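Everything numeric in this text was worked out from a predicted model, so none of it was measured. All chains are named by letter (A, B, ...) in the order of the sequence lines, taking the proteins before the strands, and each is independently numbered beginning at 1.
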Amino acid sequence: MNIGYACLAIAVPASDMKSCVLRNADEARLTALIGHNLDALARLIDYNIQNGIKLFRISSDLVPFGSSLAADLPWPHLFAEKLAAIGKRIADTGMRVSMHPGQYTVLNSPDVSVAARAVQDLQYHARVLAALGLGPGHKLVLHLGGVYGNKKQAMDRFIMNFRELEPAVQNRLVLENDDGLFHIGDVLETAVAAGIPAVFDCLHHAVNPANATDAELDWIRRCASTWRKQDGAQKIHYSQQNGDKKPGAHSESIAIDAFLDFYRQLAELDVDIMLEVKDKNLSALKCINCVSGRGISGRDISILEAEWARYKYSVLEHSPEHYQAIRQLLRDKSPSADPALAMYQMIEAALALPVAAGSAVNAAQHVWGYFKDKASASEKKRFQDLMQKFVSGENSLQNVKNHLLKLGRNYQEDYLLKGYYFYIK
DNA sequence: TGACGTCAAGATCCG
DNA sequence: CGGATCTTGACGTCA
C-alpha cells in the first residue's frame, strides 16, 4: 500500500520542468531542455527516496513535444547514462512510477489524425518508461476519450484502436474513469474487453457515478480483479473536492481525517493510492506519516520534527497559538506517543485560519533572522521597505516572501529553501 | 467560438 | 534592469 503524488514537488530545489513554445523549439533547445528535465527528475526521485515516498507520476513534460518534434531526436541514446541512473534508483528502492497523458490524448477519436497523434503520444510515454529500464508494472494511465454521440461505438473504437497498439504500449496501458463522459462502469466494461486494468478515481466517481446504488468500495473491488500479476498492485486515484471551485476541482491539500476514513476502508486490499492535489508532495508526506506509525518510536519522531521544521513559519503566520501547541506536542518523546495525526490536524487547523498582519510580520522577521547578519545594506533596505508596504497595504505578503526566498537562494540557506513558508498560503 | 485543465514561457507593466 | 503580474500556448471535445 503506497501513497504518492503527481509530477511536481513543492520546496524541492531545482526540480522544475522547463519547456518552450513551439515556435522556439529546435533540436538544440529541445535537447538542452531534456537534459535539464532529466536532472530535475533525478532530484525528484532522490527527494522521494529520502522521504520514503514510493509512488510517483512522472510529468509528461519531461521531453517537451516528446510525441511530435522530439519524437525522432536521439534523447534515449544521448542521455542513456542519466536515464539508466535514474531508472536504477527507482528500481533499487522499490519505487513505482507512472505517466498520465492528459485529456487531449484521445485514442478513440473518429478523426484518424487525432487517433494517430494519440498513438504517437502513447509511444512517447512508453518510450520514457522503457528508457528508464522499468517493467510493465510502471503504468501509463489514460482516459477513454470522447463520446461523439454514441457511447457504445466510442468504447468499441477504443478497443479496436487499442488492439492496433504496439505491445510495449499495450502492456502498460490502464484505463481511468473521467468526471464527465465515461463513468467507472463504462471503464470497467471497456478495460475488461481490452484485457487491461482499470484505475478507479474517487473524485471523478463522486462527480460522475455509474449508478446511485453501488458503493465506492464495490467498484474498487471490481477494479481489483482487472489487475494481473504482471501489472503490479492495483492503483487508484484519490482527491478531494475544492470547496471554492466547480465539482471535480482538486483541493489545495488533502484533509487528513477524511483521507483516513477512506484509507481504513481499504485495509484488506493491496492498493497504491495516487493523490491528485495542488500541494503535491506535502499531502503525500502527510498521509504517509499518518498511516505508517512513523511517529511511534523515538527514532522516527525525527521524521515529524523535520516536517514541523518545514511547516513552522507557515503555522506561525497563521496562528502563534497553534505554533506553541505543536511545539509542546513534539516535546513528548515517550515511546508510546504517536503525535503524527495530532500534529497534522493542528497544522490544518492553523492554516485554515486567516493570516493576521501582526503574525505575518512576526513570521517574516523570524525568517529574516537568517540573513540579518549577512545581508547587504540594500537587501536590508528592500526587506524593510517591503515589510512596511505590506503593513500599509501597498504590496502583498508574497512580495515579502519572494524577497526572502531570493535571499535564501543567494545565501544557500537550505534549511529555509526546503521549508514550505515561501510556497503555501 | 469559448470553456475546460495544466503548467511554464512569454509579454508587458512598473519603479 | 529586475521583479511582479497578466496573457499565451498546446492539446481535442463539446455546448
Would you say a side-chain N or O of A:Lys246 is under 4.0 Å from OP1 or OP2 of B:dC4?
yes

What does A:Lys401 touch in the nucleic acid at a heavy-atom separation under 4.0 angstrom: a base, only the sugar-phosphate, or nothing?
nothing

With nearest nucleotide decided by heavy atoms, which residue, A:Asn108 or A:Gln398, maps closer to the 5′ end of DNA chain C?
A:Gln398

Across the strands shown, which category fits A:Asn399 at heavy-atom distances under 4.0 angstrom: base, sugar-phosphate, nothing?
sugar-phosphate

Across the strands shown, which category fits A:Asn395 at heavy-atom distances under 4.0 angstrom: base, sugar-phosphate, nothing?
nothing

Heavy atoms only, 4.0 Å cut-off, all strands: where does A:His250 land among base, sugar-phosphate and nothing?
sugar-phosphate

Within the 4.0 Å heavy-atom criterion, would you say A:Asp61 contacts the bases, only the backbone, or no part of the nucleic acid?
nothing

Nearest to the side chain of A:Lys18 - C:dG2, B:dA9, C:dG12?
B:dA9

Closest non-hydrogen atom pair between A:Ala131 and A:Leu83, with its separation
O-CB, 3.6 Å

Within the structure shown, what part of the strands sits under 4.0 Å from A:Lys278 by heavy-atom distance: base, sugar-phosphate, or nothing?
sugar-phosphate

Proximity to the side chain of A:Val21 - top-ranked nucleotide from C:dG9, C:dG2, B:dA8:
C:dG9

Minimum-distance nucleotide to A:Lys280 side chain [options: C:dT13, B:dC7, B:dA8]:
B:dC7

Separation of atom CG in A:Leu181 from atom P in C:dG12, rounded to whole Å
16 Å

Please pick, from C:dG12, C:dG2, B:dG10, the nucleotide with the shortest atom-to-atom distance to any side-chain atom of A:Cys20.
B:dG10

Measuring from the side chain of A:Val147 (C-beta onward, heavy atoms only), which nucleotide among C:dT13, B:dC4, C:dC14 has the closest atom?
C:dC14

Nearest to side-chain heavy atoms of A:Asn24, which nucleotide of B:dA9, B:dG10, B:dA3:
B:dG10

What nucleotide among C:dA4, B:dG10, B:dG5 has an atom nearest to a side-chain atom of A:Tyr104?
B:dG5

Closest non-hydrogen atoms of A:Phe162 and A:Leu173, given as atom of the first, atom of the second and distance, are CD1-CD2, 3.7 Å

Per nearest nucleotide of DNA chain B, the residue lying toward the 5' end, A:Lys389 or A:Asp179, is A:Asp179

Taking the nucleotide of DNA chain B with the nearest heavy atom to each, does A:Arg29 or A:Gly248 sit closer to the 5' end?
A:Gly248

Please report, rounded to the nearest Å, how far the C1' atom of C:dC11 is from the OH atom of A:Tyr124.
14 Å

Presence of A:Arg117 side-chain N/O under 4.0 Å of C:dC11 phosphate oxygens OP1/OP2:
no

Passing option when A:Pro101 is tested against A:Leu122, A:Val141, A:Val106 for side-chain contact (heavy atoms from CB on, under 4.5 Å)
A:Leu122

Whole-Å distance separating the CD1 atom of A:Ile58 from the P atom of B:dT6:
20 Å

Interatomic distance, A:Glu276 CD vs B:dG5 C1' [rounded to whole Å]
12 Å

Whole angstrom is fine here: how far is it from CG in A:Leu8 over to C1' in B:dA8?
10 Å

Six-ring centre of A:Tyr421, A:Lys401 cation under 6.0 angstrom, axis tolerance 45°
yes

Please report, rounded to the nearest Å, how far the C1' atom of B:dC7 is from the CG atom of A:Leu44.
14 Å

A:Asn399-A:Asn402 side chain donor-acceptor pair, cut-off 3.5 Å
no

Using a cut-off of 4.0 Å on non-hydrogen atoms, how would the nucleic acid contact of A:Ser109 be classed: base, sugar-phosphate, or nothing?
sugar-phosphate

Would you kindly say whether A:Asp121 and A:Thr105 are connected by a side-chain donor-acceptor distance under 3.5 Å?
yes

From C-beta outward on A:Tyr148, which listed nucleotide comes closest to its side chain: C:dT13, C:dG12, B:dG10?
C:dT13

